Amino acid sequence: MKLNLTKVVNGCRLGKIQNLGKTGDHTMDIPGCLLYTKTGSAPHLTQHTLHNIHGVPAMAQLTLSSLAEHHEVFAEYKKGVGNFIGMPESLLYCSLHDPVSPCPSGYVTNKSVSVWGGGGRVEMTVSKFMAIQQALQPDWFQSLSDGEASCEEAISIKRARKSVDRTLLFLDSCLRLQEESEVLQKSSIIGVIEGGDVMEERLRSARETAKRPVSGFLLDGFQGNPTTLETRLQLLSLVTAELPEDKPRLICGVSRPDEVLECIERGVDLFESFFPYLVTERGCALTFNFDYQPNPEETLLQQNGIQEEIKYEDQIKKIKTTGCNQKMTSFEINLKEKKYREDFSPLVKECSCYCCKNHTRAYIHHLLVTNELLAGVLLMIHNFEHYFGFFHSIREALKSDTLAQLKELIRRQASGELGNTNLTLH
Amino acid sequence: MAAGAAVPTSLESAPRIMRLVAECSRSRARAGELRLPHGPVATPVFMPVGTQATMKGITTEQLDALGCRICLGNTYHLGLRPGPELIQKANGLHGFMNWPHNLLTDSGGFQMVSLVALSEVTEEGVRFRSPYDGEETLLSPERSVEIQNSLGSDIIMQLDDVVSSTVTGPRVEEAMHRSVRWLDRCIAAHRQPDKQNLFAIIQGGLDADLRATCLEGGTICDLEMTKRDVPGFAIGGLSGGESKVQFWKMVALSTSKLPKDKPRYLMGVGYATDLVVCVALGCDMFDCVYPTRTARFGSALVPTGQLQLKKKQYEKDFGPIDPECSCPTCKRHSRAFLHTLLHSDNTAALHHLTVHNIAYQLQLMSAIRASIVEKRFPDFVCSFMNTMYGDQTLCPPWATEALASVGITLS
């Protein structure tokens, strides 16, 4: 694999990772995201409906938490997880945890890490972990790591130090076992940067991990609620500065559009795409605008409509905070709301996804009200496509040196200033 | 019209929507083609049920790709949510759910039996209490047709007075006569006979005399449904808790008295064996929630029965559900993968099985039809039973008898 940087603008890296995969002929764009899956399948989607989506990333994320308990099945199958899940053409990255399900803390020891699957806890020593990876044969997998320093509120320096020590030990053991495994020669290990919020430990983790022959870096422990990310962003810059330029940097647990941009500016290349999944699960559709170069006429319309939008949005937010939609962001609309009952427009006017080309807000509203399975399918199609489109626009903005405009557009939507800029404001 | 005529004929003016392509020389099986407003439909046909304007977790594109050309919507449910006015604004049910092919809506009557605690039947209609907002609604023949007119489905059903097939006594006769009166009220209320085909529903429970009366009338008055100017007939009141012996006899009685040149729709029938037998008995159209419902419980339909894929025995079974099946699920996925996915919370597992089970039903009907057209239907039946039961002699007695009654002997 080879990472070719086209340009670096204000800390943002634009480029391609080439010669990927078992046959060495896959390419990934950065900045980019990975297709989020649950138990080896995009949520709600079969191959048919997944292929309806434009811009599906070349690499999908699998989670060890959903697969570890099926170790024996993969071992007997022998042909690798890609074939097993019916995605032989896709690049696969295996993470330890599922970004959507928080892991209970207190289960990491000097010798083992635990993941939680449907059937309960699976404890893994390095050898068990590597045996599972041998059976899965993913293209990339993160090394076994101790990420608990970030699960807790107040992290002691001692605990942060331990997370770095353990993770480096795990990494060295994994690398050693990889050398001895023929099957894993074609898989790449991603080193994990730990250290909680303790700067010295973060730097140590970065420097030490960078010395190892890893293929990339996973920045762990920067996730949390929006306020914790802000304080951690500074740390993130310091960490990535220590990492070699020619290897990809992934981050876990960060998927919101505004947070993605912040991290890209601090040297992150790849993200998980679980945010569109969370939006789907709450019956919402992504509608945020990432077209930072609208035509002048529409800008005027937009400006004229803003005052009305803000008032309405304020009212809605009041209702929402008392309901169960507190986690809803201003990047989305909630299709369960009564106002969509007779709205025969698509989710997003200019969206060319299967859902927007074939169905209306009124129909999605009906499916949600009647608890029909198709609601999840259609929303997932739209939300993934919208999200992948956002990443495309980031890359385009970097190419044309207009990221500042995109960032401003996203910032104004994140703060609710622009309301939901659906350009059909009548 | 002479009572007990050997071959019932329809009024000259009755719309003909069915063209017979082939008939089995031994049994009553027929292959045909329905001409409907949203395109032709080959018969015998199985119609999947998409109750609330959706075929559960699969898109209309997926359903079209499986070869489905007609499916069901449910008037009772849609009449409550989202309601006929909204659907009409959305360009009918076709527009609302974006389905380009045919739709059949039932009248809402079946819910009388399944939700009987909430309903009260009078000559006026059925009084329901909505389970969603507690509001009382009256579903009359006129209201049912009015809702179905708004839905714009290609085939609409009369409102019938449905009684469970396990009920006996005067209630059954009352329901049969009332269904005939309600048919006339439906015909009178139907605003769009050119765009929507109103089918009558033969009732009469498990009483041969009542059913015959429903079909042809008694000696005293002109009640018979077969005299009505409708484009098709449904056989209702079965597929409940009745015994299979009673079931097949009522189907056979009904088809013997229904006109040949109109489609016969057997409501609620969908198990593979039942489909094969009832095609032999002369039925053309079928619907059932079973294939789609059982999919959502992890059960895959196969020529030998069904596979409960959640069971441990499939954990390491790396072959497809059915190696002969050409559906997307079987072309790409193994039983083991589906087993794993079924044990997760990813709904995709259910959709894979829904796709396969619908494909199974449609492929079965295609195979049946081909065998009728190619004049080898009796052989097809024998082969089917062999595969399903391991041996023709192990075929359930009711099915063996039913087939024998129309000239197909399982050796």
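Please read all numbers here as calculations on a predicted model, not as lab measurements. Chain letters run A, B, ... following the sequence lines, proteins first, then strands; residues in each count from 1.
- Using a 4.5 Å cut-off between heavy atoms, Thr46(A) contacts chain B through both its backbone and its side chain.
- Put simply, of Met55(B), His343(B), Lys56(B), the one with the most heavy-atom pairs under 4.5 Å next to chain A is Lys56(B).
- Between Thr340(B) and Phe84(A), the closest heavy-atom pair is OG1-CZ, 3.7 Å.
- Heavy atoms of other residues, nucleotides or ligands lying less than 6.0 angstrom from OH of Tyr271(B) number 12 at most.
- Residue Asn83(A): no heavy atom, backbone or side chain, is found under 4.5 Å from chain B.
- Residue Val377(A) touches chain B through its side chain alone, counting heavy-atom pairs closer than 4.5 Å.
- Lys79(A) NZ: 12 or fewer foreign heavy atoms inside a 6.0 Å radius.
- The distance from atom NE2 of His70(A) to atom NZ of Lys316(B), rounded to the nearest 0.5 Å, is 12.0 Å.
- With a threshold of 4.5 angstrom between heavy atoms, Glu69(A) does not approach chain B through any atom at all.
- For Ser41(A), the parts lying near chain B are the backbone and the side chain together; criterion is any non-hydrogen pair under 4.5 Å.
- The nearest pair of heavy atoms linking Thr60(B) to Tyr354(A) is OG1-OH, 3.7 Å.
- Put simply, the side chain of Lys38(A) reaches to within 4.5 Å of the side chain of Asp345(B), judged on heavy atoms.
- Residues His333(B) and Gln47(A) share a closest heavy-atom pair of NE2-CG, 4.1 Å.
- A donor-acceptor pair under 3.5 Å links the side-chain atoms of Asn346(B) to the main chain of His44(A), judged by distance alone.
- With a 4.5 angstrom heavy-atom cutoff, Ala349(B) does not touch chain A via any of its atoms.
- Interface residue Ile58(B): only backbone heavy atoms are found under 4.5 Å from chain A.
- With a 4.5 Å cut-off on non-hydrogen atoms, Phe96(B) touches chain A through its backbone and its side chain both.
- Of the possible polar contacts, none joining the Arg341(A) side chain to the Leu86(B) backbone as a donor-acceptor pair under 3.5 Å is found.
- Within the model, atoms CH2 of Trp99(B) and CG of Asn358(A) stand 12.5 Å from one another, a figure rounded to the nearest 0.5 Å.
- For Asn98(B) (side chain) and His359(A) (main-chain N/O), no donor-acceptor pair under 3.5 Å exists by modelled atom type.
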For His48(A) and Glu61(B), run side chain to side chain donor-acceptor pair (under 3.5 Å): C-alpha distance rounded to whole Å, both residues' side-chain angles, the deciding distance at 0.1 Å, then the answer.
CA-CA 9 Å; His48(A) 186 137; Glu61(B) 188 194 67; 2.6 Å; yes
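- In the displayed structure, Gln313(B) atom CD is contacted under 6.0 Å by more than 12 heavy atoms of other residues, nucleotides or ligands.
- Residues from residues 363-371 of chain A that place a non-hydrogen atom less than 4.5 Å from a non-hydrogen atom of chain B comprise Tyr363(A), His366(A), Leu367(A), Val369(A), Thr370(A), given in numerical order.
- When heavy atoms are compared at a cutoff of 4.5 Å, Leu45(A) approaches chain B solely by way of its backbone atoms N, CA, C and O.
- The minimum heavy-atom distance linking Ala348(B) with Ala42(A) is given by the pair CB-O, 4.3 Å.
- Contacts of Lys89(B) classified as side chain to side chain contact (heavy atoms under 4.5 Å, CB included), with partners at least two apart in sequence or in another chain: Glu342(A), Phe344(A).
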### Task
Would you check, one step at a time, whether the test side chain to side chain contact (heavy atoms under 4.5 Å, CB included) holds for Leu373(A) with His351(B)?
CA-CA 9 Å; Leu373(A) 289 167; His351(B) 310 325; 3.9 Å; yes
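- The CD atom of Gln62(B) sits 8.5 Å away from the CG atom of Leu374(A) when rounded to the nearest 0.5 Å.
- Taking a 6.0 Å sphere around CZ of Arg293(B), one finds it holds 12 or fewer heavy atoms contributed by other residues, nucleotides or ligands.
- Under a 4.0 Å N-O distance rule, the pair Glu89(A)/Arg332(B) qualifies as a salt bridge.
- The candidate with the highest count of non-hydrogen atom pairs below 4.5 Å against chain A, out of Ala90(B), Ser334(B), Pro82(B), is Pro82(B).
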